[in-house]
Amino acid sequence: MLRTRFAPSPTGHLHVGGARTALFCWALARRAEGRFLLRIEDTDRKRSSAEAGLGFCGDLEWLGIDWDEGPEHGGNGGGDTGPYWQSKRLDIYAEQFDRLIEAGLAYPAFETADELQAKRAQARADKVAYKYDRAALDLDPDTVSAWIEEGRPHVVRFKVPSGPIVINDEVLGEVVVPDGELEDFIIRKADGYPTYHFAVVVDDSLMGVTHVVRGQEHLNNTAKHLVLQSALGFEHPAYAHLSLIFNPDGSKMSKRDKDKALRAAVREGGLGEPPAGPDGVPVVEKSVWSRWLESKDHQLDLHQATALASVMGVELPEIDVEDFRRAGYLPGVMVNYLALLGWSPGDDREQFDAEFLRRHFSLDRVLKSPAKFDRAKLLAFNLDAIQALDASEFHSLLRAYCDAYHPEFLERLDDVQFELFANANHERSKTLLDPLSSGRFFIEPCSSLRWSPTKPVRKALLNGEPCGFDLLESILPELEAAEWTADSLEAVIGAFAEAHADGKVGKIAQPIRIAVSGGTISPPIFDTLVILGRDRSLKRIRHCLDSRAQLQAEVSA
RNA sequence: GACCCCAUCGUCUAGUCAGGUCUAGGACGUCAGGUUUUCAUCCUGAAAACAGGGGUUCGAAUCCCCUUGGGGUCGCCA
């Protein structure tokens, strides 16, 4: 049976590259009626945290990617080839280490990380490629035993056999790594934990993974994994390396991009100290701050990063699935768009759902070349998907979205108003966030409205004869007398336009829009008035008329 | 620097593996018109690509080589 796995390290949210890998692994398994498993690669004791693991489980679920084996979460997971956290498989690795060492295929090495670092730096200065010199192999066996006896810290290195290594990749074809390219890489760290290379090989084999689908940044690692598999007597799984996803500028879209953006901003601003937040307290603790600046290995957590970005006025790049969810994209659109980055059905069809993908996905239609992530196209797809929704679907999606990210809309609009608000915004929304950012005026108090003399405002209120203010003045009594429904308001305003504005509804609609919203953007004016309600609408129009003199003064100034 | 990967409109791509039907198709974006009470939507139309050079072949976007360009990796990270 075909088995695939997605094996993220729990360092944060799921980013789009990881999401696409997971999606392809999932689709491949589903298509073949195989199994898809999730495994947490938490062999880095410094960086792993429990919450982060759960974070991307939620992201996967939101995308509709379910897994058969792995951490149990929301009905997914379980399985009998676990545990699915590498940190809980230490005894399994220990067994495999012993086999390798006994067979003479791995050996202890005593250089410290700092010593190795220095040698690498030296090699770079000398402009030669660095490779571990196998010094530990020349050590006298008695010395080695004595050192181990006395507990001297050491790593275990794999003795890489000579000869070229051939990778048969399902996407790239045959890739040959020439003889002598690999050094004797470390398979067990000084703290006893396996390195990625070792854990991944052992786990993939023991978990029965038949197809390894991962990003192309792993292509070089595959050579290591192949020789390790041979040494351990494991079968080689099939490999498929996916091309990278790029930012619009052509660099690799990376989970570290947010961190990079912040570092750049800090460097540019010449910040020595962590800046203070609105409450006067530094947004990042001083010790965290200096540790962060010391090394690129340290990243700020999401909370700190967001706070820092906000006080510095830096826009963090959207790279996590969660970022797009927050920005109001639909999960099906993300799946669709992600799938299109490197895969296509082969005809002109571009828009499809997960069901289509699981029926048609195959590795032989995966592109070798990298793809840039195009926000504009994603946005266009999101618009199409939103428009394809029926009114009640859009309404409930918008409600759920507000509930998660902008509860103030649910607090200040009652159920009837909210439904009207959803309906009135449906066809003009590209994202679930759109109606909220253009519709803030619906939930703000009337007293906070200000009319600034921008060009469109001047045009609608001050220009012409009669001008918008005049028209507002004269329609006000009619509105006060009107029944407050969209139909009746339309009739009243239509008739007014016929009588006083050359039959052009726009001439009166736009002044009203500006009066009640403070700006030039709103849903259709009749809907807007109904959502706002009679009292608030009339109050705002009067308020606007009251500010006529001031506005005129500002214009002449 | 060493090794590896990649190369069709600005972007995602179809076509490449099985060379001719390709005066290279679609989508997003852009531009020009049109519809519309604002914004958005919607409609019509246009511009826009086989990176360059050598081969192979009757014939090359498609096969081979070189160049150029882009990217990845080179951690006791994964």
Side-chain angles (χ1 to χ4, degrees), chain A residues 7-11 41-44 46-47 86 109 111-113 116-117 120 123-124 126-131 153-157 167 169 172-173 175-178 180-183 185-191 193 195-197 199-200 214-221 223 241 243-244 246 248 250-252 255 297 337 340-351 364 367-381 383 387 425 427-430 434 438 456 460 490 493-494 497 504-510 512-514 517 519-526 528:
Chain A
S9 59
T11 48
E41 312 233 311
D42 56 350
T43 52
D44 186 353
K46 291 189 283 290
R47 265 189 279 227
Q86 291 186 326
E111 294 85 354
T112 66
L116 292 171
Q117 180 93 24
R120 272 187 218 106
R124 189 171 321 185
D126 298 345
K127 295 189 185 237
V128 295
Y130 174 78
K131 204 173 127 184
H154 65 278
V155 299
V156 173
R157 286 181 183 268
I167 304 166
D169 190 90
L172 297 172
V175 177
V176 180
V177 175
E181 280 302 315
L182 292 193
E183 66 168 3
F185 53 94
I186 295 173
I187 55 176
R188 190 173 72 190
K189 308 177 198 179
D191 66 6
Y193 272 56
T195 59
Y196 164 72
H197 303 297
V200 82
R214 52 169 37 159
Q216 224 176 82
E217 69 267 25
H218 285 297
L219 186 57
N220 292 288
N221 292 335
H241 288 92
S243 65
L244 274 6
F246 287 172
S251 63
K252 176 189 164 194
K255 56 186 169 189
D297 286 349
Y337 184 72
L340 230 36
L341 251 28
W343 182 83
S344 80
D347 50 22
D348 285 342
R349 178 165 188 159
E350 285 201 300
Q351 297 195 350
D364 54 22
L367 268 292
K368 297 176 178 182
S369 44
K372 287 182 187 164
F373 194 88
D374 181 11
R375 296 294 303 273
K377 186 156 181 165
L378 176 67
L379 191 61
F381 276 31
L383 169 76
Q387 293 201 340
N425 277 294
E427 69 164 12
R428 37 204 298 290
S429 297
K430 293 187 173 186
D434 275 355
S438 67
E490 181 164 8
I493 291 169
K504 293 193 171 128
V505 176
K507 285 207 172 172
I508 179 61
Q510 193 62 353
I512 296 177
R513 169 172 292 112
I514 290 169
S517 76
T520 56
I521 300 169
S522 89
I525 192 63
F526 316 114
T528 301

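Heavy atoms only: backbone and side chains are in, while hydrogens, waters and symmetry mates are out. Proteins get letters first, then strands, A, B, ... in listed order; numbering begins at 1 in each.
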Any N/O pairs under 3.5 Å between the protein and nucleotides 41-47 of chain B? List them or say none.
{"residue": "U41(B)", "atom": "OP1", "partner": "Lys430(A)", "partner atom": "NZ", "Å": "3.0"}
{"residue": "U41(B)", "atom": "O2'", "partner": "Gln387(A)", "partner atom": "NE2", "Å": "2.8"}

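- Taking 4.5 Å as the limit, every side-chain heavy atom of Val505(A) sits out of range of all side-chain heavy atoms of Glu490(A).
- Here C6(B) presents its C1' atom at 15 Å from NE2 of His241(A), a figure rounded to the nearest Å.
- Counting any heavy atom pair closer than 4.0 Å across all strands shown, Ala376(A) reaches sugar-phosphate atoms only and no base atom.
- Residue-to-nucleotide proximity on RNA chain B shows that, of Val505(A) and Gly342(A), the 5′-proximal contact is made by Gly342(A).
- Checked against salt bridge (charged side-chain N to carboxylate O under 4.0 Å, His left out), Lys507(A) has the following partners two or more places apart in sequence or in another chain: Asp502(A).
- In this view, Arg513(A) and Gln510(A), Ser517(A), Ser522(A), Ile525(A) satisfy the side chain to side chain contact (heavy atoms under 4.5 Å, CB included) rule, not counting sequence neighbours.
- Here Lys377(A) does not reach the OP1 or OP2 of U13(B): none of its side-chain N or O atoms lies under 4.0 Å away.
- Residue Glu111(A) is in base contact, counting any heavy-atom pair closer than 4.0 Å across all strands shown.
- Among the atoms of the strands shown, none is found under 4.0 Å from any heavy atom of Pro8(A).
- No engagement by Ile508(A) is indicated, since no non-hydrogen atom pair under 4.0 Å with the nucleic acid exists.
- OP1 or OP2 of A14(B) has at least one side-chain nitrogen or oxygen of Ser344(A) nearer than 4.0 Å.
- Residue contacts for Ala371(A): at a heavy-atom cut-off of 4.0 Å it reaches the sugar-phosphate backbone alone, with no base atom in range.
- Ile514(A) is listed as a side-chain neighbour of Thr520(A), based on a closest heavy-atom distance under 4.5 Å.
- Checking A60(B) for Watson-Crick or G-U wobble geometry (two distances, each under 3.5 Å) identifies no partner in any strand.
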Could you go through nucleotides 65-73 of chain B and list every protein N or O atom that sits under 3.5 Å from one of its N or O atoms, giving the distance for each pair?
{"residue": "G72(B)", "atom": "N2", "partner": "Asn220(A)", "partner atom": "ND2", "Å": "3.3"}

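- At the heavy-atom level, Leu367(A) lies under 4.0 Å from the strands shown only through sugar-phosphate atoms.
- Every salt bridge (charged side-chain N to carboxylate O under 4.0 Å, His left out) that Asp191(A) has, sequence neighbours left out, goes to Arg45(A).
- Using a 4.0 Å heavy-atom cutoff across all strands shown, Glu350(A) reaches at least one base atom of the nucleic acid.
- When heavy atoms are screened at a 4.0 angstrom cut-off, Val176(A) is found touching the sugar-phosphate backbone but no base atom.
- In this structure, of A27(B), U37(B), G10(B), it is A27(B) that holds the atom nearest to the side chain of Phe381(A).
- Looking at heavy-atom distances under 4.0 Å, Val175(A) makes contact with sugar-phosphate atoms alone, never a base.
- Heavy atoms of Leu172(A) sit under 4.0 angstrom from primed sugar atoms or phosphate atoms, though from no base atom.
- For Asn220(A), there are no side-chain hydrogen bond (donor to acceptor under 3.5 Å, both in side chains) partners at least two apart in sequence or on another chain.
- The shortest distance between the side-chain N/O atoms of Arg120(A) and the OP1/OP2 oxygens of G75(B) is below 4.0 Å.
- Counting only heavy atoms from C-beta outward, the side chains of Ile521(A) and Arg428(A) approach each other to under 4.5 Å.
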Tabulate protein N/O versus nucleotide N/O from nucleotides 48-52 of chain B, keeping only pairs under 3.5 Å, one per line.
none

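- At the heavy-atom level, Ser438(A) lies nowhere under 4.0 Å from the strands shown.
- For Arg157(A), there are no side-chain hydrogen bond (donor to acceptor under 3.5 Å, both in side chains) partners at least two apart in sequence or on another chain.
- Within the 4.0 angstrom heavy-atom criterion, base atoms lie near Ser522(A).
- Listed by chain and residue number, His225(A) satisfy the side-chain hydrogen bond (donor to acceptor under 3.5 Å, both in side chains) test with His197(A) (two or more places apart in sequence, or in another chain).
- Among residues two or more places apart in sequence or in another chain, the ring pair (Phe, Tyr, Trp, His ring centres under 6.0 Å) test is passed with Phe381(A) by none.
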Exercise. Step by step, work out the side chain to side chain contact (heavy atoms under 4.5 Å, CB included) result for Asn425(A) and Asp434(A).
Key: CA-CA 9 Å; Asn425(A) 277 294; Asp434(A) 275 355; over 6 Å; no
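- Whole-Å rounding puts the Asp126(A) CG to C74(B) P distance at 21 Å.
- Contact annotation: Thr43(A) side-chain N/O to A78(B) OP1/OP2 distance is under 4.0 Å.
- Counting non-hydrogen atoms under 4.0 angstrom, Thr112(A) reaches a base of the nucleic acid.
- Within the structure, a side-chain polar atom (N or O) of Lys189(A) is placed less than 4.0 Å from OP1 or OP2 of A78(B).
- If you find the closest nucleotide of RNA chain B to Gln510(A) and to Lys368(A), the one lying nearer the 5' end belongs to Lys368(A).
- Scored by the side chain to side chain contact (heavy atoms under 4.5 Å, CB included) test, Glu217(A) finds Leu244(A), Lys252(A) as partners (sequence neighbours excluded).
- Separating the NE2 atom of His197(A) from the P atom of C76(B) is a distance of 9 Å, rounded to the nearest angstrom.
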Quiz item: Going through the distances and angles, do Thr195(A) and Val155(A) end up as a side chain to side chain contact (heavy atoms under 4.5 Å, CB included)?
Solution: CA-CA 10 Å; Thr195(A) 59; Val155(A) 299; over 6 Å; no
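- Comparing C76(B), U11(B), U37(B) by their nearest atom to the side chain of Asp374(A) picks out U11(B).
- Within the 4.0 angstrom heavy-atom criterion, no nucleotide atom of any strand lies near Arg188(A).
- Remark: C9(B) base-pairs with no nucleotide; criterion is Watson-Crick or G-U wobble with both hydrogen-bond distances under 3.5 Å.
- Spacing between C9(B) and C28(B) at atom C1', rounded to whole Å, works out to 12 Å.
- The side-chain hydrogen bond (donor to acceptor under 3.5 Å, both in side chains) search around Glu350(A) returns Lys377(A), not counting sequence neighbours.
- Pairing for A14(B) is absent, with no Watson-Crick or G-U wobble pair whose two atom distances lie under 3.5 Å.
- In this structure, Ile187(A) places its CD1 atom 16 Å from C1' of G75(B), rounding to the nearest Å.
- In this structure U41(B) sits in no base pair that meets the Watson-Crick or G-U test at under 3.5 Å.
- Residues Leu172(A) and Gln216(A) have side chains in contact (heavy-atom distance under 4.5 Å, counting atoms from C-beta outward).
- Distance noted for atom C1' between A60(B) and G53(B): 15 Å (whole Å).
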